[in-house]
Engineer: 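I have a structure here, written as structure tokens, and I will follow up with some questions on it.
Because the structure is a prediction, the values reported are computed rather than measured. FYI, side chains are in, hydrogens and waters are out, and symmetry mates aren't considered; it's all heavy atoms of this structure.
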Amino acid sequence: MAEPTTGQEKGPTLKEQLWDPIAGFGVTFRTMFRKVVTEQYPKEKLPTAPRFHGRHQLNRWPDGLEKCVGCELCAWACPADAIYVEGAENVDDTAVVGEDGQPVSGRFSAGERYGRVYQINYLRCILCGLCIEACPTRALTMTNEYELADDSRASLIYEKSDLLAPLLPGMEQPPHQMLLGTDDDYYRGNFQQPIPVPPLPAAPARPNRPQATPEVTA
């Protein structure tokens, strides 16, 4: 036998029946008559924000030496365990070349050590930026490049050669000696030697223009 209903059990109020559905669709009603904006990507690429977190980059000093000292702090700070670093000692007096023809020892950075192996797994990376905050030498920064998709998992593991900044004019490919002073001078920015900058190319000679004839007055 059903229990009798009490006077406290009432149905939905008029507000709940009329106003609540309208308020729930408020966002839909507000955007319903706005003009649709479609970004024509990838044919038209819009610029990103200046502090956008994109692909990482390993920076260099003005003479071409690497700023990374292989301290592995970025790997420890990464919450996704996406960074792998192996450090090695810098050698001043010699540069040994391996079987593949690449130098395996020499001076690659301005410190005692350098990052011999540096990998970032973009299958794990969440682009949070904690690694660049942990870097003590400002060696690791993030660029505005965001097109990181690929059809191969192995291609998304970036090696050191993929992350190193390109050599600018005046830079020399490591390994080589420190050209701007001691390691303290590098880190403080007080370079004892001038930053190597190549001379500007000579401007092309302009063709001789005929001189204007002065006006003769009577």
Engineer: Grouping I, L, V, M, F, W and Y whenever their side-chain heavy atoms are under 4.5 Å apart, do Leu163 and Met142 come out in a common cluster?
Structural biologist: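 Yes; tracing contacts between hydrophobic side chains, which count when under 4.5 Å, links both residues.
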Engineer: Enumerate donor-acceptor pairs with a distance under 3.5 Å from any side-chain N or O in residues 117-132 to protein atoms, sequence neighbours excluded.
Structural biologist:
from: Gln119; atom 1: NE2; to: Glu159; atom 2: OE1; distance (Å): 3.1
from: Gln119; atom 1: NE2; to: Glu159; atom 2: OE2; distance (Å): 3.2
from: Asn121; atom 1: OD1; to: Leu123; atom 2: N; distance (Å): 2.9
from: Tyr122; atom 1: OH; to: His56; atom 2: N; distance (Å): 2.9
from: Tyr122; atom 1: OH; to: His56; atom 2: ND1; distance (Å): 2.8
from: Arg124; atom 1: NH1; to: Asp81; atom 2: O; distance (Å): 3.0

Engineer: When rounded to the nearest 0.5 angstrom, what distance separates CD1 in Ile83 from SG in Cys74?
Structural biologist: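 One finds 4.5 Å between CD1 of Ile83 and SG of Cys74.
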Engineer: Can you tell me which residue pairs pass the salt bridge (Lys or Arg N to Asp or Glu O under 4.0 Å) test with a partner in residues 50-62, sequence neighbours excluded?
Structural biologist: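 Salt bridge (Lys or Arg N to Asp or Glu O under 4.0 Å) check on residues 50-62 returns Arg55-Glu145.
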Engineer: Would you name the heavy atoms of Glu66 and Tyr114 that are closest together and state the gap between them?
Structural biologist: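 Minimum heavy-atom contact is OE1-CD1, 4.4 Å.
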Engineer: Minimum heavy-atom separation for Asn144 to Thr48, with atom names?
Structural biologist: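 Where Asn144 meets Thr48 most closely, the heavy atoms are ND2-OG1, 3.0 Å.
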Engineer: Kindly indicate whether the side chain of Gln57, heavy atoms from C-beta on, has any atom under 4.5 Å from the side chain of Thr143.
Structural biologist: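 The answer is yes; the side chains approach within 4.5 Å.
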Engineer: For the CG atom of Asp150 and the CD1 atom of Ile157, what is their distance to the nearest 0.5 Å?
Structural biologist: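 So the gap between those two atoms works out to 11.5 Å.
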Engineer: Do Leu73 and Val85 share a hydrophobic cluster, counting only Ile, Leu, Val, Met, Phe, Trp and Tyr and linking them when any side-chain heavy atoms are less than 4.5 Å apart?
Structural biologist: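 Different hydrophobic clusters.
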Engineer: The criterion is side chain to side chain contact (heavy atoms under 4.5 Å, CB included); which residues satisfy it with Tyr187, sequence neighbours excluded?
Structural biologist: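 Listed in chain order: Trp61, Val69, Ala110, Thr137, Asp183.
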Engineer: Considering only heavy atoms from C-beta outward, does the side chain of Lys160 approach that of Leu58 to under 4.5 Å?
Structural biologist: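 Yes; the side chains approach each other to less than 4.5 Å.
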Engineer: Can you pull out every side chain to side chain donor-acceptor pair (under 3.5 Å) where at least one residue sits in residues 30-47? Sequence neighbours excluded, please.
Structural biologist: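 Applying side chain to side chain donor-acceptor pair (under 3.5 Å) to every pair that reaches into residues 30-47, excluding sequence neighbours, yields Tyr41-Glu147, Lys45-Glu147.
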Engineer: Taking everything shown except Phe25 itself, do over 12 heavy atoms lie less than 6.0 Å from its CZ?
Structural biologist: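 Result for CZ/Phe25: open.
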Engineer: Nearest 0.5 angstrom please: Asn59 CG to Lys67 NZ, how far?
Structural biologist: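 Those atoms lie 5.5 Å apart.
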Engineer: How long is the straight-line distance from CZ of Arg113 back to SG of Cys68, given to the nearest 0.5 Å?
Structural biologist: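 If I round to the nearest 0.5 Å, the distance is 10.0 Å.
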Engineer: Output a table of donor-acceptor pairs, distance under 3.5 Å, between side-chain atoms of residues 169-176 and any protein atom two or more places apart or on a different chain; print 'none' if there are none.
Structural biologist:
from: His176; atom 1: NE2; to: Asp63; atom 2: O; distance (Å): 3.2
from: His176; atom 1: NE2; to: Glu172; atom 2: O; distance (Å): 3.1

Engineer: Please check this pair: side chain of Asn90 against backbone of Phe108, looking for a donor-acceptor N/O pair closer than 3.5 Å.
Structural biologist: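 Confirmed, Asn90 side chain pairs with Phe108 backbone.
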Engineer: Output all residues satisfying side chain to side chain contact (heavy atoms under 4.5 Å, CB included) with Arg138, sequence neighbours left out; order by chain, then residue number.
Structural biologist: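 Arg138: side chain to side chain contact (heavy atoms under 4.5 Å, CB included) contacts with Thr141.
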